[in-house]
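Model, not experiment: these values are computed from the prediction. Just so it is clear: chains get the letters A, B, ... in the order the sequence lines come, proteins before strands, and each one is counted from 1.
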Protein chains: 2
Amino acid sequence: MNASPAIAAIDWGTTRLRAWLLDGAGRVLAEQRGDDGLITAREAGFSAVLERHLAAMRAPATLPVVICGMAGSRQGWIEAPYVDVPAPIDAILRGAIRVPGTTRDIRIVPGLAQRLADAPDVMRGEETQLAGAGLPATGRHVVCMPGTHSKWVVVDNGAVAGFGTWPTGELFSVLATHSILRHSLGEQPAPVIPDNAQFHRWCRQALEEGGDVSSRLFAVRAAGLLQDLKADDAAARLSGLLIGGEIASALRRYPVGDAPVVLVGSGALAALYGAALEMAGLVVRQVDADVAVRAGLFAAARQNGMIAGKEQSA
Amino acid sequence: MNASPAIAAIDWGTTRLRAWLLDGAGRVLAEQRGDDGLITAREAGFSAVLERHLAAMRAPATLPVVICGMAGSRQGWIEAPYVDVPAPIDAILRGAIRVPGTTRDIRIVPGLAQRLADAPDVMRGEETQLAGAGLPATGRHVVCMPGTHSKWVVVDNGAVAGFGTWPTGELFSVLATHSILRHSLGEQPAPVIPDNAQFHRWCRQALEEGGDVSSRLFAVRAAGLLQDLKADDAAARLSGLLIGGEIASALRRYPVGDAPVVLVGSGALAALYGAALEMAGLVVRQVDADVAVRAGLFAAARQNGMIAGKEQSA
């Protein structure tokens with residue numbers, strides 16, 4: 001048994017950080033989670049935040065570190081310039097850049113840019129989840145990665161062919177907090193659960209309407225006035241409407257036919273999307289987002305020679 | 001010439017109030033505009049706010065007052081219960097209720113409710129604009145009333161057959177202020193003008209996509225990162241996307257064929273919608289919203305016997 005860490009793997013987003021120590025086979029030896037994402041780290045210093053988490057996991061001073069996410073953005077620690085799609089996933093990982101001026105070997109995986117005139121798009125972090133999602137090396141695969149800014153990605157023979165962003169989580173949040181719908185959803189709407197009947201009904205309806213959600217937003221408010229809709233059900237309606245709308249819209253852009261959709265997510269959100277994708281008549285292959293990002297970071301470390309070969313089978 | 005007022009007409013919305021003195025033929029003798037809509041009037045008192053505006057216009061103490069808008073909501077001065085659609089427009093106006101406990105004759109026009117299980121909706125104020133829009137007494141007419149919560153109404157032989165709300169103005173505002181798009185639109189985006197090329201391009205694109213707007217929202221941000229999109233053009237894109245999306249969605253629900261669409265609006269917003277409706281290939285008949293609401297309030301006063309017959313031709 002090998003209990004000594006081979007690499008520290010960090011998923012460093014805008015508001016959150018997750019860190020793991022992995023052994024030479026990619027197994028988890030230690031884990032840390034914090035609210036010190038990009039926003040906090042810009043104040044506190046990226047190196048200081050990183051070293052604090054590494055110390056808490058008792059990482060050796062020489063342990064190399066591989067990072068993905070917003071830490072590599074222009075506002076982050078050091079910019080890891082976007083790789084333009086289409087791009088092979090392996091080549092994306094190999095594009096990791098080294099943080100200068102550190103004694104540790106610290107590298108950041110680049111994000112992706114889609115430089116289409118009418119469909120410009122960017123991602124940071126999801127490319128690493130994608131690399132760890134266990135996709136077959138050949139064939140076409142449509143991947144759904146739900147979140148604040150949900151990403152849908154088409155992978156063709158191991159390369160990212162194209163992708164799109166649906167800001168579903170952010171839409172829910174700004175509408176629930178700042179729009180007239182706040183009167184219907186209340187201060188703290190309960191988390192929506194997949195078997196809520198209102199979620200199902202509104203999701204199904206949205207799936208039939210090709211991604212048109214704006215026509216039904218105000219109905220959430222009107223139902224509060226006319227039908228005495230409860231706050232939790234109002235939240236379930238809005239969630240069903242937005243998630244169903246996202247899926248209908250994404251499937252118009254990236255038709256899947258009879259092929260399965262790969263759903264990379266975790267927790268309650270993955271459950272909602274799983275239910276919604278099944279309502280759309282799709283076969284869903286679920287991959288846990290935490291597992292995927294760890295596997296992707298481990299693959300990036302390997303691709304960049306940060307883990308010696310002899311340790312891989314230890 | 002008759003310079004003595006026959007009625008005071010008030011359009012009393014959530015954040016704004018507009019007041020006119022009209023003579024017995026509906027001509028404007030005086031006008032007042034204020035920011036003392038429902039929200040302010042709940043604090044200051046509806047009667048006090050009204051009397052201040054009437055005094056500023058030197059209205060006689062016995063002049064009757066007809067009101068439409070949110071002043072008639074449950075949170076308003078006194079609730080004017082919704083009239084359920086379908087409903088003849090004349091009957092809606094005749095449903096005006098009298099404010100009790102006042103020496104003046106003050107009446108409030110009711111709003112409309114659409115009690116459909118899957119498309120509940122409400123309006124307050126637009127029913128009065130509709131009454132004053134000069135629609136023919138017969139035939140089917142589709143009316144577009146843009147705003148914070150745009151209303152689309154189908155009128156059939158003088159009766160409101162059904163309506164829907166698209167919260168386009170509010171979506172623009174919350175996205176520009178509270179979402180990640182605020183980084184692209186800047187603090188104070190310039191007003192969008194109809195001949196902005198980005199407005200046209202994104203509106204056209206949205207018109208072709210059946211009301212699906214969520215798929216392109218993030219592209220406004222990505223274009224800021226990848227294409228160095230200027231703030232004013234980002235605002236024009238978002239405006240084109242949302243207005244085009246609204247029109248595409250509304251036309252799916254209320255097909256118009258070759259018939260004209262009646263656009264009830266004013267100022268810059270009416271110009272944007274006029275351009276967008278023409279891009280959609282429609283014939284547009286524009287009606288000024290201020291003129292329409294005054295005419296509707298005047299008609300309500302007549303329908304309720306608040307203006308004596310002899311004064312009508314004076």
Practice problem: Answer with side chain, backbone, both or neither: which region of A/Gln205 has an atom nearer than 4.5 Å to a non-hydrogen atom of chain B? | Solution: side chain
Self-check item: Pairing of A/Asp118 and B/Arg216 as salt bridge, 4.0 angstrom limit
Solution: no
Quiz item: So with a 6.0 Å cut-off around CZ of A/Arg182, is the heavy-atom count from everything else above 12?
Solution: yes
Exercise. Please report the closest heavy-atom contact between A/Gln227 and B/Pro120, naming both atoms and the distance.
Key: NE2-CB, 3.6 Å
Quiz item: Hey, which of B/Ile180, B/Thr168, B/Leu242 has the most heavy atom pairs under 4.5 Å with chain A?
Solution: B/Ile180
Quiz prompt | B/Arg42 CZ: over 12 foreign heavy atoms closer than 6.0 Å | solution = no
Exercise. For residues A/Ser214 and B/Pro167, report the shortest heavy-atom separation together with the two atoms involved.
Key: O-CD, 3.4 Å
Quiz item: Which distance, rounded to the nearest 0.5 Å, do you find between the CD of B/Glu209 and the OG of A/Ser249?
Solution: 7.5 Å
Quiz prompt | Smallest separation among heavy atoms of B/His178 and A/Glu170, with atom names | solution = O-OE2, 4.2 Å
Quiz prompt | Minimum heavy-atom distance between A/Val122 and B/Ala222, given as atom pair plus value | solution = N-CB, 4.3 Å
Quiz item: Looking at A/Asp212 and B/Arg252, what are the two nearest heavy atoms and their distance?
Solution: OD2-NH2, 3.0 Å
Quiz item: Do you know which of B/Ser179, B/Ala219, B/Ala223, B/Gly210 has the most heavy-atom pairs with chain A at a distance under 4.5 angstrom?
Solution: B/Ser179
Practice problem: Against chain B, label A/Leu226 side chain, backbone, both or neither, depending on which of its atoms sit under 4.5 Å from a heavy atom there. | Solution: both
Quiz item: Relative to chain A, which of B/Val174, B/Thr165, B/Leu217 shows the most heavy atom pairs under 4.5 Å?
Solution: B/Thr165
Quiz item: Of the backbone (N, CA, C, O) and the side chain (C-beta and beyond), which part of A/Arg253 lies under 4.5 Å from a heavy atom of chain B, both, or neither?
Solution: side chain
Self-check item: Heavy-atom proximity to chain B below 4.5 Å, by part of A/Leu175
Solution: side chain
